Student: 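I'd like to ask some things about the structure below.
Fair warning: this is a prediction, and the values are worked out from it, not measured in the lab. Letters A, B, ... are given to chains in the order of the sequence lines, protein chains preceding strands, and every chain is numbered from 1.
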Amino acid sequence: MTNRLSLSTSITGRRRFAVAAGGAVGAIGRAAVIDVVDATRLDLLWSTFFVNVLGSLVLGYVVARHAGRSHSSPLLIPFVGVGILGAFTTFSLFSTEVLELARAGDWLLAICYPAGSIAVGFLAALLGVRFGGSK
Amino acid sequence: MTWIVIGAFGALGALARYGVSGAVQRLWRTSFPFGTLVVNLTGALGAGLLLGIAAGRDIPDLVLFGAGVGFLGGYSTFSTWMVETVLAAESGGGVGLRRAAENLAVPLIAGVALAGLGFTIGQWF
């Protein structure tokens, strides 16, 4: 399954460059989402939720449509999938957010936030895979 | 300026993820996505550590954004985790569903635990 994500194929310089360039784009994109959510005075949990769900949807589509396909550029998955979408979404902040909710004693949100992120993120990825895999 | 720092550290984080994940996957040739697991768990530990170090201290925003949003954000990934879980679920039958459930529960529980560990260690500094 990871072969489809091209994570374990031989690493060439061009692939590395594509991953790095995509990583810069993805990280800046997430910072932009944080800025927008911050300006609307919504809780910043929503920016993490939004980037993670959107990123899962698009990555599902891109992997189903392009991974291991001869008609696709070999740099597309490293640039868009591993780089942009990998960096756009985040697990580290997600974990510390759950930790902070638990430390603050907000148990309802400490359970609902990760459960909701995973349920909606999984469905979004599934939708993307189905959509990308159909003709 | 903040954007350039976030972009540069995001690039480094993504490169580190590509390297670590690929190395782990080559070392551990199973269908379980250990590469993403190792990346995300070390990322959660790092984020907890950063938070612990920053607690009660005046750390410049640029450092927090560069290391947190840039490097750790670029390094860890939620989308790959979800897509790998979907692919596991679709790999067939009850085994696939069990693998998918494991791949959701293990990183979630271990991630929060490691973030807590990192936070505790970070406060010592």
Side-chain angles (χ1 to χ4, degrees), chain A residues 1-2 4-5 7-9 11 15-16 19-28 30-32 34 48 51-60 62-64 78 81-96 98-100 102-103 114 117-118 121-122 124-126 128-129, chain B residues 2-3 6-15 17-19 21-22 25-26 29 31 33 35-36 39-40 43-48 50-51 65 68-91 100 104 107-108 111-112 114-116 118-119:
Chain A
M1 116 181 73
T2 43
R4 288 181 70 185
L5 285 171
L7 292 178
S8 57
T9 52
I11 299 167
R15 281 207 174 109
R16 279 186 183 164
V19 168
V25 173
I28 291 172
R30 189 158 77 85
I34 291 174
T48 313
V51 294
N52 281 346
V53 170
L54 179 65
S56 299
L57 176 78
V58 180
L59 184 66
V62 169
V63 167
V82 182
I84 296 179
L85 297 167
F88 185 62
T89 63
T90 178
F91 181 88
S92 52
L93 187 67
F94 171 73
S95 303
T96 53
V98 178
L99 176 74
E100 287 292 286
R103 274 169 43 86
S117 293
I118 286 175
F122 180 85
L126 183 64
V129 167
Chain B
T2 312
W3 300 87
I6 288 176
F9 279 92
L12 283 177
L15 259 183
R17 170 163 42 84
Y18 193 52
S21 164
Q25 215 63 48
R26 274 191 299 276
R29 292 188 178 279
S31 59
T36 307
V39 162
N40 278 344
L45 181 72
L50 183 67
L51 215 65
F65 276 118
V69 180
F71 185 80
L72 289 170
Y75 178 67
S76 71
T77 177
F78 188 93
S79 52
T80 310
W81 180 32
M82 286 301 124
V83 171
E84 283 173 345
T85 306
V86 167
L87 297 180
E90 293 203 323
S91 67
L104 286 181
L108 174 66
V112 177
L114 283 170
F119 186 84

Student: Does any backbone or side-chain atom of A:A102 lie under 4.5 Å from a heavy atom of chain B? Answer side chain, backbone, both or neither.
Tutor: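 Looking at A:A102, nothing touches chain B.
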Student: State which residues pass side-chain contact (heavy atoms from CB on, under 4.5 Å) with B:L104; sequence neighbours excluded, sorted by chain then number.
Tutor: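 Scan of B:L104 (side-chain contact (heavy atoms from CB on, under 4.5 Å), adjacent residues dropped) gives A:I118, B:W81, B:M82, B:T85.
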Student: Is it the side chain or the backbone of B:I6 that comes within 4.5 Å of chain A heavy atoms, both, or neither?
Tutor: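 Both parts, backbone and side chain.
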Student: Let me know if A:F94 has heavy atoms under 4.5 Å from chain B in its side chain, its backbone, both or neither.
Tutor: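 It is the side chain, since no backbone atom gets that close.
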Student: Taking the side chain as every heavy atom from C-beta outward, state whether B:T80 and A:L59 have any pair of such atoms under 4.5 Å apart.
Tutor: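 The answer is yes, as the side chains (C-beta and beyond) meet within the 4.5 Å cut-off.
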Student: Which distance, rounded to the nearest 0.5 Å, do you find between the CG of A:L99 and the CG of B:L51?
Tutor: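 If I round to the nearest 0.5 Å, the distance is 7.5 Å.
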Student: Is there a side-chain contact between B:F78 and A:S117, using heavy atoms and a 4.5 Å cut-off?
Tutor: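 A side-chain contact exists here, since the closest heavy-atom pair is under 4.5 Å.
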Student: How far does OG1 of A:T90 sit from CG of B:N40, to the nearest 0.5 angstrom?
Tutor: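 One finds 8.0 Å between OG1 of A:T90 and CG of B:N40.
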Student: Which heavy atom in A:L126 sits nearest to a heavy atom in B:E90, and how many Å separate them?
Tutor: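 The pair with the smallest heavy-atom distance is CD1-OE2, 3.5 Å.
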Student: Ignoring hydrogens, what is the shortest heavy-atom contact between A:L85 and B:S79? Give both atom names and the distance.
Tutor: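 In this case the closest contact between A:L85 and B:S79 is O-OG, 3.1 Å.
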Student: Under a 4.5 Å heavy-atom cutoff, which of A:A32, A:G22, A:G26 has the most pairs with chain B?
Tutor: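 Greatest number of close heavy-atom pairs with chain B: A:A32.
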Student: Looking at A:R16 and B:L15, what are the two nearest heavy atoms and their distance?
Tutor: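 Heavy atoms only, the tightest pair is O-CD2, 3.5 Å.
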Student: Sort A:L54 into side chain, backbone, both or neither according to what part of it lies under 4.5 angstrom from a heavy atom of chain B.
Tutor: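 Interface part for A:L54: neither.
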Student: Are the side chain of A:R103 and the backbone of B:G116 linked by a donor-acceptor contact shorter than 3.5 Å?
Tutor: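 Between the backbone of B:G116 and the side chain of A:R103 there is no qualifying donor-acceptor contact (under 3.5 Å).
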Student: Give me the atom names and distance for the closest heavy-atom approach of B:G73 to A:S92.
Tutor: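 Looking at all heavy atoms of both residues, the closest pair is N-OG, 4.2 Å.
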Student: For residues B:L108 and A:P114, report the shortest heavy-atom separation together with the two atoms involved.
Tutor: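 Minimum heavy-atom contact is CD1-CB, 3.8 Å.
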Student: Work out which heavy atom in B:V86 is nearest to a heavy atom in A:A125; give both atom names and the distance.
Tutor: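 Distance-wise, the nearest heavy atoms are CG2-CB, 3.6 Å.
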Student: Name all residues meeting the side-chain contact (heavy atoms from CB on, under 4.5 Å) criterion together with B:F9; count only those two or more places apart in sequence or in a different chain, and write none if there are none.
Tutor: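 B:F9: side-chain contact (heavy atoms from CB on, under 4.5 Å) contacts with B:V5, B:L12, B:F71.
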